[in-house]
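The analysis underlying the following values was restricted to heavy atoms, covering all of them including side chains, and did not include hydrogens, waters or symmetry mates. Letters go in sequence order (proteins before strands), and every chain restarts at 1.
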Amino acid sequence: MLKDKVIDLFKDAIAKAIEAGELGKLEKVPSQFELDKCKNPDHGDRAISVAMKLAREAKMAPIKIAETIVKHLDYKQIGSVTVVPPGFINIIFDWDFLEANFVEIHSMKDSFGKLDKSQRSKNKILIEYVSANPTGNLHLGHGRQAVLGSALASLLEWAGYDVFSEFYINDAGVQIDKLSVSAKAAIQIQEAVISKEQYPDDAYPFESMIEILKPEIYQGILSEKLQGKIDYKNLDEKLAGEIAKNLFIELQTKVLQDIEVVFDNWFSEKENLHQAENNKVLEICGILEKNGNLYEQEGALWFKAKHFGDERDRVIQKSQGVYTYLAADIAYHKNKYDRGFDKLINIWGGDHHGQEPGIRGAIKAINYDPDRLELIFIQMVSLQKNGVEVKMSKRKGDIVNVDELMEEVGKDALRFFIVDSQANNRMVFDLELAKKQDKDNPVYYIQYAHARAASILRNLSSKRINIESSKEEKAIISESGLKQLLEQDFCSAKSILGRAFNDEEQEEKIDSDQLQTIRTLILELIDFPEAVLDAAEIRAPYKISVYLKNIASLFHQFYNENRVIGVSEELMQARLSIAVASKIVIANALNLLGISAPEKM
RNA sequence: GCGCCCGUAGCUCAGCUGGAUAGAGCAACUGCCUUCUAAGCAGUGGGUCAAUGGUUCGAAUCCAUUCGGGCGUGCCA
């Protein structure tokens, strides 16, 4: 990474200066410091503010420190530096250094931005997200969790972690009982065994049940299970519930797949934690009991959560004997730890934050390390149309579910808008904007940049019609010539850019604004791996979408100022190498986010 | 009441492990298509960074308090 090379150079310089006794009281090189981007391009390409940060410890004026560092700095490797009050060191890279980094894009192509796994120890991550109950379709909130979760999983993979993703199926307990009641009634109503008025009040909405329990579907399943002898009047409630559960899981899987959310594992609570002969919930209660962290009160079993930082104790087994959600959740988390992951990431809806102290406390109580568990809370989503909030009411036929939104705006827009939002901010999804097909809509804006770059390649290597003579002319570059450029020349040539943009003898004048756009674009492109690392470290996929918007804007600017076709050979190659690099980086970033990168629009 | 999250341009948001004049996009206005996609580019206007106090050479960024909004505060999940 460019940053590492520069920082290492500065660390060397500081070490030498300390050795020479020229940095006052400073004794050791700071372990990390930032390489800042210059807001004002007149300052340079990058800036370092380490001199000001060292001032106190060294007991020296920042500007003196900066000057001393620069004295020992082997800056010829990267370009030139200037010291500016109060103590900034500004860097301007030379073309050789830029190109040495730039060619990596061409040689690594679709893996440019993927970071080296070997640099990570403790890299096995289990990320659990969505985990909706199998009792209904997925609503917008689930959609946001699904998209942000999958984008984060992908981001972490790019950053070199070993990522395993999981959906926890809450298929045991009271909600399944409620589902069974609902499913039975929904079937019986459709078979006219009971009347619609007899649908239980506390059941899941009838409308949501008949979405999956269609006569042709449940009739087929029942007929198979019961060898054709279906008695709707005395329908087995458990069987009805089982059928509904499986259909909802099937529906959820399909909806998620349609928005490019796929899990490595669907973890069934019932099958993994509640097996009669190996009941993990009982086991966890035994462990807590043995550690002296349980007590009985008013017929219920309580976990001493307050002792572990919660605001009060929590019931783990109700007085009627049923275990609470927390009991299974502790067992589930123990299972996760036991599978040997270094880090567990849970993505939960923001309304569940009250559960955090409970689960953390329990993990402490069973002597597992709670610091290895990370919780990410995702706040609510609302819909907006023409600046007015859309109330989500199923009755009025408004959008409430993920599949409906996806049908309305498409997968790419749905994913982009959600990824572009920060998890802990509430989100307003703008339906009109997401459907727009112009630059107002960032998805199109970015995809269009990619398509434009692709079109340059297409035009270069295809036959052309002369406008004046209407005659066909041969392509500017042959298919094989283009292939060679892309696969060999761009990967190895280290002076294409320098010659084209730095040479005073160039026929075509390149003005300073134009050159600035080119430098900024190149620096941003080179910065992609760094962007991946930064985003992964703070678990923020939106950083990638922000990065993409910026790259797209720079590319459009570049495209307008720099024609590729119809200029000198040298200039064409230089500009083409930039267009191709832009195309690679945009495609990689979109790919990371699960959004398509069209060749043509 | 207590706990968590949020408050930056008219709107949607970046910037938050302190650094140089606080940035985009939308909306408003003005230019640019005989040349690789105008699904684009360039330009103009717009701010007490919710408020107050503190720490610092330096605060949108850190700390404290206040105000405003959301969520949570079950023997629900």
Side-chain angles (χ1 to χ4, degrees), chain A residues 32 34 36 38-40 42-43 47 49 52-53 55-56 61-62 84-88 90 131-133 135 170 173-175 178 297-302 310-312 314-326 328-329 349-357 377-380 384 387 417 420-430 433 436-445 447-449 451-460 464 467-468 476 513 537-538 542-543 545-546 549-550 552-553 555-567 572 575-576 579 600-601:
Chain A
Q32 64 161 17
E34 290 305 307
D36 301 317
C38 295
K39 283 181 210 157
N40 183 342
D42 295 341
H43 292 151
S49 59
M52 284 169 294
K53 297 199 164 73
R56 190 164 316 166
V84 179
F88 291 102
N90 291 333
S131 300
N133 287 344
T135 56
N170 208 210
V174 291
Q175 72 283 354
K178 184 172 161 185
Q297 191 180 314
E298 293 164 13
L301 209 52
W302 296 72
D310 205 346
E311 57 186 8
R312 58 183 184 78
R314 304 279 169 182
V315 170
I316 215 164
Q317 187 186 19
K318 302 184 216 171
S319 51
Q320 296 90 337
V322 184
Y323 289 94
T324 61
Y325 177 86
L326 178 63
D329 214 25
D351 55 346
H352 287 69
H353 72 254
Q355 290 168 38
E356 179 171 4
F377 294 101
I378 301 202
Q379 303 302 325
M380 309 188 342
Q384 201 186 65
F417 275 70
D420 200 37
S421 69
Q422 270 196 72
N424 50 9
N425 288 3
R426 273 178 290 160
M427 177 188 177
V428 178
F429 196 107
D430 189 329
L433 185 58
K436 261 186 159 177
Q437 309 221 339
D438 59 31
K439 73 184 178 69
D440 294 358
N441 183 343
V443 190
Y444 282 87
Y445 183 74
Q447 290 181 324
Y448 183 48
R452 269 183 149 178
S455 82
I456 295 174
L457 287 175
R458 248 194 330 270
N459 287 319
L460 270 174
R464 304 165 60 74
I467 297 168
E468 282 164 23
I476 291 169
D513 282 352
E537 237 143 52
I538 60 165
Y542 80 88
K543 289 259 181 196
S545 66
V546 169
K549 285 190 276 191
N550 189 232
S553 167
F555 178 76
H556 285 305
Q557 204 177 320
F558 166 81
Y559 180 95
N560 274 280
E561 290 170 3
N562 299 275
R563 287 196 57 79
V564 174
I565 295 172
V567 295
M572 177 184 76
R575 290 174 174 176
L576 183 59
K600 220 174 187 172
M601 287 172 80

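Between B:A27, B:C36, B:C4, one nucleotide has an atom nearer to the side chain of A:H353 than all others, and that is B:C4.
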Original post:
For nucleotides 9-19 of chain B, read 5' to 3', which letter fits each nucleotide if B means a protein heavy atom sits under 4.0 Å from the base, S means only the sugar-phosphate is that close, and - means neither?
Top reply: ----SSS-B-B
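A 4.5 Å side-chain heavy-atom check between A:L576 and A:L457 finds at least one atom pair inside the cut-off. Counting heavy atoms from C-beta on, the side chains of A:E311 and A:P357 never come closer than 4.5 Å. Within the 4.5 Å cutoff, side-chain heavy atoms of A:V567 are placed close to those of A:R575.
A:N424 has its CG atom 17 Å from the P atom of B:G72, to the nearest Å. If you measure from atom CG of A:D42 to atom C1' of B:U21, you get 12 Å, rounded to the nearest angstrom. In this structure, CG of A:D310 is placed 17 Å from P of B:G72, rounded to the nearest angstrom. Whole-Å rounding puts the A:Q379 CD to B:C71 P distance at 10 Å. Separating the CZ atom of A:F417 from the P atom of B:C26 is a distance of 12 Å, rounded to the nearest angstrom. Computed from coordinates, the A:I456 CD1 to B:C36 C1' distance equals 5 Å when rounded to whole Å.
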Subject >> Verdict with supporting geometry, A:N170 and A:Q175, side chain to side chain contact (heavy atoms under 4.5 Å, CB included) >> reply: CA-CA 8 Å; A:N170 208 210; A:Q175 72 283 354; 3.3 Å; yes
Original post:
Should A:T324 and A:R314 be marked as a side chain to side chain contact (heavy atoms under 4.5 Å, CB included) after you check the CA-CA gap, both sets of side-chain angles, and the distance that decides it?
Top reply: CA-CA 9 Å; A:T324 61; A:R314 304 279 169 182; over 6 Å; no
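Comparing B:A9 with B:A14, their C1' atoms sit 13 Å apart, to the nearest whole Å. A gap of 36 Å separates the P atoms of B:U55 and B:U12, to the nearest Å. Nucleotides B:A42 and B:G47 place their P atoms 23 Å apart, quoted to the nearest Å. With C1' as the reference atom, B:U44 and B:G53 are 39 Å apart, rounded to whole Å. To the nearest whole angstrom, the two P atoms, one in B:A50 and one in B:U56, are 23 Å apart. Taking the P atoms as reference points, B:G10 lies 13 Å from B:A51, given to the whole Å. Nucleotides B:A27 and B:C13 are separated by 15 Å at their C1' atoms, to the nearest Å. Taking the P atom of each, B:G45 and B:A22 are spaced 15 Å apart, rounded to whole Å.
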Using the 3.5 Å cut-off, write out each protein N or O paired with an N or O of nucleotides 41-46 of chain B and the distance between them.
{"residue": "B:C41", "atom": "OP1", "partner": "A:Y445", "partner atom": "OH", "Å": "2.4"}
{"residue": "B:C41", "atom": "O4'", "partner": "A:N560", "partner atom": "ND2", "Å": "3.0"}
{"residue": "B:A42", "atom": "OP1", "partner": "A:Q557", "partner atom": "OE1", "Å": "3.4"}

Are any protein N/O atoms closer than 3.5 Å to N/O atoms in nucleotides 73-77 of chain B? If there are, list each pair with its distance.
{"residue": "B:U73", "atom": "O2'", "partner": "A:E311", "partner atom": "OE2", "Å": "3.4"}
{"residue": "B:G74", "atom": "O5'", "partner": "A:R312", "partner atom": "NH2", "Å": "2.8"}
{"residue": "B:C75", "atom": "O2", "partner": "A:S319", "partner atom": "N", "Å": "2.8"}
{"residue": "B:C75", "atom": "O2", "partner": "A:S319", "partner atom": "OG", "Å": "2.9"}
{"residue": "B:C75", "atom": "N3", "partner": "A:S319", "partner atom": "OG", "Å": "3.3"}
{"residue": "B:C75", "atom": "N4", "partner": "A:E298", "partner atom": "O", "Å": "2.8"}
{"residue": "B:C75", "atom": "N4", "partner": "A:E298", "partner atom": "OE1", "Å": "3.2"}
{"residue": "B:C76", "atom": "OP2", "partner": "A:K318", "partner atom": "NZ", "Å": "2.6"}
{"residue": "B:A77", "atom": "OP2", "partner": "A:Y325", "partner atom": "N", "Å": "3.2"}
{"residue": "B:A77", "atom": "O3'", "partner": "A:N170", "partner atom": "OD1", "Å": "2.4"}
{"residue": "B:A77", "atom": "O3'", "partner": "A:Q175", "partner atom": "OE1", "Å": "3.2"}
{"residue": "B:A77", "atom": "O2'", "partner": "A:N133", "partner atom": "ND2", "Å": "3.0"}
{"residue": "B:A77", "atom": "N6", "partner": "A:Q355", "partner atom": "NE2", "Å": "3.0"}
{"residue": "B:A77", "atom": "N1", "partner": "A:Q355", "partner atom": "NE2", "Å": "2.6"}

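When the ring-ring contact (aromatic ring centres under 6.0 Å, His included) test is applied to A:Y445, the partners found at least two apart in sequence or on another chain are A:H556. Not counting sequence neighbours, the partners of A:K436 by the salt bridge (charged side-chain N to carboxylate O under 4.0 Å, His left out) test are A:D440. For A:H43, the ring-ring contact (aromatic ring centres under 6.0 Å, His included) criterion is met by no residue, not counting sequence neighbours. Residues satisfying the side chain to side chain donor-acceptor pair (under 3.5 Å) test with A:N133, not counting sequence neighbours, are none. Partners of A:E298 under the side-chain contact (heavy atoms from CB on, under 4.5 Å) rule, at least two apart in sequence or in another chain, do not exist in this structure. The ring-ring contact (aromatic ring centres under 6.0 Å, His included) check on A:F417 picks up A:F429, with sequence neighbours excluded. Judged as a salt bridge (charged side-chain N to carboxylate O under 4.0 Å, His left out), and not counting sequence neighbours, the contacts of A:D420 are A:K549.
Using a 5.5 Å limit on the distance between ring centres and a 30° limit on the angle between planes, the aromatic ring of A:H43 counts as stacked on the six-membered base ring of B:A20.
The nearest pair of heavy atoms linking A:V84 to A:N90 is CG2-ND2, 3.5 Å.
Contacts of A:A47 with the nucleic acid, taken as non-hydrogen atoms under 4.0 Å apart, include base atoms.
Taking 90° from 0 as the syn/anti boundary, the base of B:C49 is oriented anti.
Counting only Watson-Crick or G-U wobble pairs whose defining distances are both under 3.5 Å, the stems of 3 or more consecutive pairs in RNA chain B are B:1-7 with B:67-73, B:10-13 with B:23-26, B:28-32 with B:40-44, B:50-54 with B:62-66.
Summarising the geometry, atom NZ belonging to A:K318 is positioned 13.5 Å from atom CG belonging to A:L301; distances are rounded to the nearest 0.5 Å.
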Please tabulate, for side-chain N and O atoms in residues 421-428 of chain A, each donor-acceptor pair with protein atoms closer than 3.5 Å (sequence neighbours left out).
{"residue": "A:S421", "atom": "OG", "partner": "A:R144", "partner atom": "NE", "Å": "3.4"}
{"residue": "A:S421", "atom": "OG", "partner": "A:R144", "partner atom": "NH2", "Å": "2.9"}
{"residue": "A:S421", "atom": "OG", "partner": "A:I418", "partner atom": "O", "Å": "2.7"}

